[in-house]
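Structure record follows, encoded as structure tokens.
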Amino acid sequence: AQKVTQAQTEISVVEKEDVTLDCVYETRDTTYYLFWYKQPPSGELVFLIRRNSFDEQNEISGRYSWNFQKSTSSFNFTITASQVVDSAVYFCALSEPSRYSTLTFGKGTMLLVSP
Amino acid sequence: GAGVSQSPSNKVTEKGKDVELRCDPISGHTALYWYRQSLGQGLEFLIYFQGNSAPDKSGLPSDRFSAERTGGSVSTLTIQRTQQEDSAVYLCASSLRTGETDTQYFGPGTRLTVL
């Protein structure tokens, strides 16, 4: 069965520190998609990135970077030089075309960045 | 362009009453999803619509929950005889199509409180 595990419930860092959010997934499908969403205190889920199972290239977008490793079924998210505005709950999610592409979410990691 | 909109943003109701939650997807998006976010269960899938096809209702927690999508656009989620355990944030998302797992974009949610 499909499953997403975010083992870190809460992380606290001081501004400018680097922080990595872990995500481990389980699926029987060979084709699948992985996502990261950000949920700031306002509550709206904001899309950050989508990665398909055939593309293991790491991606960097500004201070954000993602490391996808099929061998360990992980899709980790790193924020470099964190800022207070990065404080939010971050969700990793799995989507399988065989299940109408509904998202299976992890429990989320709450990131608190203090000045 | 306009994102996914949901109304009302907050709804307080008494146990046993019926409620209707509305979702307006992004224009041109054919796929529409409802999710529920609660403290105990995290983010969970409820129902999915694709164009004019029959919806996938596999995530609905009980027969008190139903949803419809009129004209392939606006969707209404109805909860009959509300219970306290229905208290949660109900999130709607839309995507262009599901054939290749397009990204789902979320609305701001409706916070439902059942007294």
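Lettering follows sequence order; numbering is per chain, from 1.
- We find that R63(A) and D86(A) are joined by a salt bridge, their nearest charged nitrogen and carboxylate oxygen being less than 4.0 Å apart.
- When heavy atoms are compared at a cutoff of 4.5 Å, E44(B) does not approach chain A at all.
- Here the two rings, on F91(A) and Y37(A), have centers that are 6.0 Å apart or farther.
- Donor-acceptor pairing under 3.5 Å is recorded for the side chains of T27(A) and E96(A).
- If you check the side chains of D29(A) and T31(A), you find no donor sitting under 3.5 Å from an acceptor.
- The ring pair (Phe, Tyr, Trp, His ring centres under 6.0 Å) test with W36(A) singles out one residue from F47(A), F105(A), F77(A), Y90(A), and that residue is F77(A).
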Dump the intermediate steps for side chain to side chain contact (heavy atoms under 4.5 Å, CB included) on Y35(B) and C92(B), then the final yes or no.
CA-CA 6 Å; Y35(B) 294 86; C92(B) 176; over 6 Å; no

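- A distance below 6.0 Å separates the ring centres of Y25(A) and Y32(A).
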Should E15(A) and S82(A) be marked as a side chain to side chain donor-acceptor pair (under 3.5 Å) after you check the CA-CA gap, both sets of side-chain angles, and the distance that decides it?
CA-CA 5 Å; E15(A) 217 171 10; S82(A) 58; over 6 Å; no

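- The contact list for residues 21-29 of chain B toward chain A, using heavy atoms and a distance under 4.5 Å, is empty.
- Residues of residues 104-115 of chain B having a heavy atom under 4.5 Å from any heavy atom of chain A, listed by number: Q104(B), Y105(B), F106(B), G107(B), P108(B).
- Here the side chains of Y33(A) and L94(A) are not in contact, with every heavy-atom distance at 4.5 Å or above.
- More than 12 heavy atoms of other residues, nucleotides or ligands shown are found within 6.0 angstrom of NZ on K70(A).
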